2 protein chains.
Amino acid sequence: MNTLAEENYLKAIYHLSLNGAIASTNQLAAQLNTKASSVTDMLKKLADKELINYTPYQGVNLTATGEKIAINIIRKHRLWEYFLVEKLNFKWDEVHEMAEEMEHISSNALIDRLDKFMGYPKYDPHGDPIPDCNGLFKAHNLRPVSAVDVNESVIICGVRDHSTVFLQYLEKHGLMIGKNIAITDIIEFDHSVILMMDNKKVQISREVANNLLVSI
Amino acid sequence: MNTLAEENYLKAIYHLSLNGAIASTNQLAAQLNTKASSVTDMLKKLADKELINYTPYQGVNLTATGEKIAINIIRKHRLWEYFLVEKLNFKWDEVHEMAEEMEHISSNALIDRLDKFMGYPKYDPHGDPIPDCNGLFKAHNLRPVSAVDVNESVIICGVRDHSTVFLQYLEKHGLMIGKNIAITDIIEFDHSVILMMDNKKVQISREVANNLLVSI
DNA sequence: TAATAAATTTAGACTTATCTAAATTTATTA
DNA sequence: TAATAAATTTAGATAAGTCTAAATTTATTA
């Protein structure tokens, strides 16, 4: 098994090297709240274990083995988030930190039973896809509200920013996963978006529109 | 917050210093699978934090603060065991190792919600009492089967030994928490016990009888 | 109660993961 | 393309938790 620190690095590398990208030392340091020199040390260690492809100065991505481990951690994280929201009635902005700890519980038998207990959910409370026990999942193809045309009607399916403040902001305005929204106007000056939801008018800034994901 | 190692020491000290006893360095080393010298180092650290009362060469017990922390860890351990057995359908001999990890999930809000979700259970799958959110619980007053007289009828309420082999042995013979047993005979030669359960005769050794706890 | 055994602590070393500061490599730009 | 800036790595140090071996204290027993 891998240490907690190793698992967190693999997860961070996974998130930073999606779509064939390469994660840099500094990006990892920022993501993991640590220093670049610490990252370098760990990258050597993970490279020795053949969990990442690392060329000094050139950044990293995951090997097949590393990716498998990373996806398993993400599976655990998202299933625990689902559990916390659906079974223990936490709000979607309250569960991230707890799931950060729970994702390191090692037993796969446990997580498979949890998955079954909850009926094999496909998406977590933030709309992110939950990998199945084989690591398979399909990211649904989403776009930000800012890319939607006026008069289109779409469904809220996810968020790009997962921060507590953003989630609380959305919650306060009733902008939740599954809600149907109709874009009624886009202000030319600042690109803020006017939309209708539950027969009420809601105005959101460009920044919010960029981070709120909806169906194609 | 305390580190994982510190929490495990506090828990071990708790278990070893029940009933006003004093835990020794060697006992702790055995319990924690480590060396006496490592224990000494940690005891100094915990004493500095005022979580234990430590006099060199004289052993330790917990301060009020230390005990509070230890009981909270035990509360978490037992609630997670209950969850694993009652909600995820694990067997009572499968859950200890998982709960050893889960007991270190820090959030008290989480454990309180879990407690509520399960209906505030009073005992874990092995019959051990679950402390409430204030750390309160009453250990029910049990005795081993070996202390029961012939012709008495009692209810299985707990185990003294929590090892997988022992639990599996009991499971195989149907000796589970809640079962009613009637002691029909005690063999004078080796103190093995003959009992009736579900209208079937079961014979258990003195050692088993010493580790199976029943109602007074 | 002196000698021996057992338990415990101390001293010094090791590993993991981190840090700061300096050195090196890569990227940018004048 | 040479100079400068930015990114990255190396060197050396630190803290937590552990270890072995030696020293010390406490307990046992002859």
Side-chain angles (χ1 to χ4, degrees), chain A residues 1-17 21-62 66 69-70 73 97 100-101 103-106, chain B residues 1-17 21-62 65-66 69-70 73 100-101 103-106:
Chain A
M1 253 308 97
N2 306 290
T3 66
L4 200 155
E6 285 169 353
E7 291 196 347
N8 284 332
Y9 271 84
L10 291 176
K11 191 170 53 128
I13 295 165
Y14 178 87
H15 286 306
L16 288 171
S17 63
I22 284 261
S24 76
T25 301
N26 270 358
Q27 282 177 314
L28 283 165
Q31 181 94 7
L32 293 162
N33 245 294
T34 186
K35 303 291 157 160
S37 56
S38 308
V39 173
T40 302
D41 287 346
M42 184 59 96
L43 293 184
K44 286 181 195 161
K45 195 173 153 196
L46 294 173
D48 280 349
K49 288 187 157 196
E50 298 188 51
L51 300 175
I52 62 172
N53 302 116
Y54 170 52
T55 318
Y57 298 102
Q58 304 303 313
V60 281
N61 61 23
L62 298 171
I69 295 169
I73 299 164
E97 287 309 310
E100 285 288 298
E101 292 182 53
E103 71 190 8
H104 301 290
I105 304 296
S106 59
Chain B
M1 252 309 97
N2 306 291
T3 66
L4 199 155
E6 286 169 353
E7 290 196 348
N8 284 331
Y9 272 84
L10 291 175
K11 193 170 52 127
I13 294 165
Y14 178 86
H15 286 307
L16 288 171
S17 63
I22 284 259
S24 76
T25 302
N26 270 358
Q27 282 177 314
L28 282 166
Q31 181 95 8
L32 292 162
N33 245 293
T34 186
K35 303 292 156 157
S37 56
S38 308
V39 173
T40 302
D41 288 345
M42 183 58 96
L43 293 183
K44 286 180 195 163
K45 195 174 153 196
L46 293 173
D48 281 349
K49 289 187 156 195
E50 298 189 49
L51 300 176
I52 61 172
N53 303 117
Y54 170 52
T55 318
Y57 298 102
Q58 304 304 312
V60 281
N61 61 23
L62 298 170
T65 315
I69 296 168
I73 299 164
E100 285 287 297
E101 292 182 53
E103 70 190 7
H104 301 290
I105 304 296
S106 59

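Keep in mind that what you see is a predicted model, and the values were worked out from it rather than measured. Below, chain A is the first sequence line, B the second, and so on; all start at residue 1.
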For this session: Please list, by residue number, the residues of residues 36-44 of chain B whose heavy atoms come closer than 4.0 Å to an atom of DNA chain C; answer none if no residue qualifies.
Result: B:A36, B:S37, B:T40, B:K44
Problem set entry | D:dC19 OP1/OP2 closer than 4.0 Å to side-chain N/O of B:T34 | yes
Exercise. Among C:dT18, D:dA16, C:dA7, which is the nearest nucleotide to the side chain of B:T3?
Worked result: D:dA16
For this session: Whenever both distances are under 3.5 Å in a Watson-Crick or G-U wobble pair, mark it; put DNA chain D into dot-bracket that way, with [ ] for crossing pairs and | when the partner is on another strand.
Result: ||||||||||||||||||||||||||||||
Exercise. Do the side chain of A:E7 and the main chain of A:I73 share a donor and acceptor less than 3.5 angstrom apart?
Worked result: no
Problem set entry | A:E100 atom CD: more than 12 heavy-atom contacts under 6.0 Å | yes
Problem set entry | A:L43 side, atom CG; A:Y9 side, atom OH - distance, nearest 0.5 Å | 7.0 Å
Exercise. Taking CG from A:L28 and P from D:dA7, how many angstroms apart are they, rounded to a whole number?
Worked result: 14 Å
Problem set entry | Partner residues of B:A36 under the side-chain contact (heavy atoms from CB on, under 4.5 Å) criterion, sequence neighbours left out | B:T25, B:N26
Problem set entry | B:N2 to B:K49 - nearest heavy-atom pair and separation | OD1-NZ, 3.4 Å
Problem set entry | Straight-line distance of B:M1 CE to B:S106 OG, nearest 0.5 Å | 7.5 Å
Exercise. Do any of residues 51-59 of chain A sit with a heavy atom less than 4.0 Å from DNA chain D, and if so which?
Worked result: A:Y54, A:P56, A:Y57
Problem set entry | Counterpart residues, side-chain contact (heavy atoms from CB on, under 4.5 Å), relative to B:A21 (two or more places apart) | none
Problem set entry | Approximate separation, where rounding is to 0.5 Å, of B:Y57 OH and B:T40 OG1 | 8.5 Å
Problem set entry | side-chain hydrogen bond (donor to acceptor under 3.5 Å, both in side chains), paired with A:K11, selected from A:E103, A:H104, A:Q31, A:E6 | A:E103
Exercise. What integer distance in Å separates B:M1:CE from D:dA16:C1'?
Worked result: 18 Å
Problem set entry | Nearest-0.5 Å distance, CG of residue A:L62 to CD1 of residue A:I13 | 5.5 Å
Exercise. Which residues in residues 4-16 of chain A have at least one heavy atom lying under 4.0 Å from any atom of DNA chain D?
Worked result: none
Exercise. Quick one: B:K35 NZ to C:dA7 P, roughly how many Å, whole number?
Worked result: 14 Å
Exercise. Within the distance-only criterion (no hydrogens, no angle test), does the side chain of A:Q27 pair as donor or acceptor with the backbone N or O of A:L16 below 3.5 angstrom?
Worked result: no
Exercise. Shortest non-hydrogen contact from A:N8 to A:L32?
Worked result: O-CD2, 3.6 Å
Problem set entry | Length of the line joining B:N26:CG and C:dT8:P, which is rounded to integer Å | 4 Å
For this session: Might you point out which heavy atoms bring A:A70 and A:L10 nearest each other, and give the distance in Å?
Result: CB-O, 3.8 Å
